[in-house]
Amino acid sequence: MRLATWNVNSIRTRADRVAAFLERHGVDVLALQETKCRDDQFPEMVFAPLGYEVAHVGHSQWNGVAILSRVGLDDVTTGFPGMPSWSSKEGVDPAPEARALGATCGGVRVWSLYVPNGRTLADPHLQYKLEWLEALRVAAGGWLAAEPEAPIALVGDWNIAPQDDDVWDMSVFTHSTHVSPAERAAFQGVVDAGFADVVRPLAPGPGVYTYWDYTQLRFPRREGMRIDFVLGSPAFAGRVDGAFIDREERKGKGASDHAPVVVDLTP
DNA sequence: ATGGTTGGACGCCAA
């Protein structure tokens with residue numbers, strides 16, 4: 001089974017590109033982040049003829065996560081237990097955002113995750129990000145404790161560069177989110193709960209990234225960040241026999257600022 | 001070249 005994750009940065013703008021990606025690589029299950037649409041706006045009609053079922057949660061023009069599968073799509077769950085809420089505006093009650101979607105596809109429990117950005121070190125959004133990751137650690141740890149042999153994949157845009165090699169120049173990030181000790185500790189907490197990065201061993205750095213900012217010619221300058229990850233439970237990780245980052249997808253007109261991350265599982 | 005991308009709610013916020 002071939003599983004991929006991709007922060008697509010608007011599914012409506014890039015539906016054709018996503019369809020071409022699915023066909024080109026024979027992807028069975030694709031987790032998407034930043035679909036940037038409501039459920040009723042998701043272009044399911046592009047993917048149904050190709051044989052993919054779609055699960056999506058999107059409340060507005062922000063966030064939005066989906067799972068496309070041609071090997072079954074069961075037990076769809078929106079959000080995880082304990083997931084924090086957020087409101088950017090004073091006077092507006094915090095509510096759960098469209099940042100987590102779970103489904104069982106071909107026997108694998110897949111979670112499409114869009115971790116909050118954090119914005120700046122002083123922004124309340126960073127505290128939200130840390131609380132969100134802590135709640136995920138607790139929830140995912142519980143799933144694994146209940147079913148130690150379950151193949152579970154936590155995939156998506158984690159908005160964290162766990163290692164110095166995961167950015168092109170650490171000196172640029174001295175006062176930035178994504179590399180702070182608190183964020184890295186929150187990421188490590190999920191790893192310590194039993195979920196391993198299954199891609200890094202097969203796509204080692206330095207200089208291997210999944211995201212390049214649209215500005216400052218970051219992509220042609222090869223100035224990127226590794227912030228999109230496939231974290232697998234022991235049963236999942238033990239079945240991984242291939243992985244790559246599709247850097248070609250970042251090229252050309254109409255590219256997302258993220259590249260897809262692809263993992264192959266043995267049957 | 002007095003800017004520098006892109007996307008979505010079309011005026012600015014978010015990344």
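All chains are named by letter (A, B, ...) in the order of the sequence lines, taking the proteins before the strands, and each is independently numbered beginning at 1.
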Salt bridge (charged side-chain N to carboxylate O under 4.0 Å, His left out) between Asp164(A) and Arg184(A), worked out: CA-CA 10 Å; Asp164(A) 289 357; Arg184(A) 286 177 169 181; 2.9 Å; yes

Salt bridge (charged side-chain N to carboxylate O under 4.0 Å, His left out) assessment of Asp28(A) paired with Arg2(A): CA-CA 5 Å; Asp28(A) 297 302; Arg2(A) 175 162 275 189; over 6 Å; no

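Between Arg250(A) atom CZ and dT5(B) atom P the separation is 11 Å, expressed in whole Å. As rounded to whole Å, 13 Å separates atom P of dT5(B) from atom CD of Glu223(A). In this structure, Asn7(A) atom CG and dA14(B) atom C1' are separated by 12 Å, rounded to whole Å. Atom pair Lys89(A):NZ and dA14(B):C1' shows a separation of 13 Å (rounding to whole Å applied). Rounded to an integer number of Å, the gap from Trp62(A) CH2 to dT6(B) P is 16 Å. If you take OH of Tyr211(A) and P of dG7(B), they are 13 Å apart, rounded to a whole angstrom. Arg12(A) places its CZ atom 18 Å from the P atom of dT6(B), with the value rounded to the nearest Å. Between His258(A) atom NE2 and dA14(B) atom C1' there is a gap of 12 Å when expressed in whole angstrom units.
Around CD of Glu147(A), the count of heavy atoms belonging to other residues, nucleotides or ligands within 6.0 Å does not exceed 12. Enclosure of atom CZ in Arg24(A) by more than 12 non-hydrogen atoms of other residues, nucleotides or ligands within 6.0 angstrom is indicated.
Heavy-atom distances to DNA chain B give each of Asn63(A) and Ser60(A) a nearest nucleotide, and the one nearer the 5′ end belongs to Ser60(A). Nucleotides of DNA chain B nearest to Gln41(A) and Asp157(A) differ in position, and the one nearer the 5' end is that of Gln41(A).
Taken residue by residue, residues 213-221 of chain A places heavy atoms nearer than 4.0 Å to DNA chain B at Tyr214(A), Thr215(A). Of the residues in residues 112-120 of chain A, those with a non-hydrogen atom less than 4.0 angstrom from any atom of DNA chain B are Tyr114(A), Asn117(A), Arg119(A).
Nucleotides dG4(B) and dA15(B) have their C1' atoms positioned 16 Å apart, rounded to a whole Å. Look at the C1' atom in both dT2(B) and dG7(B): the space between them is 25 Å, to the nearest Å. Using C1' as the reference atom, dG3(B) and dG8(B) are 23 Å apart when rounded to the nearest Å.
Val54(A) and Val46(A) end up in the same hydrophobic cluster when Ile, Leu, Val, Met, Phe, Trp and Tyr side chains are linked at under 4.5 Å.
For the pair Thr13(A) and dG8(B), the criterion of a side-chain N or O lying under 4.0 Å from OP1 or OP2 is met. The shortest distance between the side-chain N/O atoms of Arg14(A) and the OP1/OP2 oxygens of dT6(B) is not below 4.0 Å.
Proximity of the aromatic rings of Trp111(A) and Trp143(A) is defined here by a centroid distance below 6.0 angstrom, and this criterion is met. Outside the 6.0 Å centre-distance limit, the rings of His178(A) and Tyr211(A) are not counted as a close aromatic pair.
Ion pairing between a basic and an acidic side chain is recognised when a charged N comes within 4.0 Å of a carboxylate O; Asp123(A) and Lys129(A) show no such pairing.
Atom CD1 of Ile227(A) is separated from atom CG of Asp166(A) by 10.0 Å, given to the nearest 0.5 angstrom.
Taking the ring pair (Phe, Tyr, Trp, His ring centres under 6.0 Å) definition, one finds that Phe187(A) meets it with Trp158(A), Phe229(A), sequence neighbours left out.
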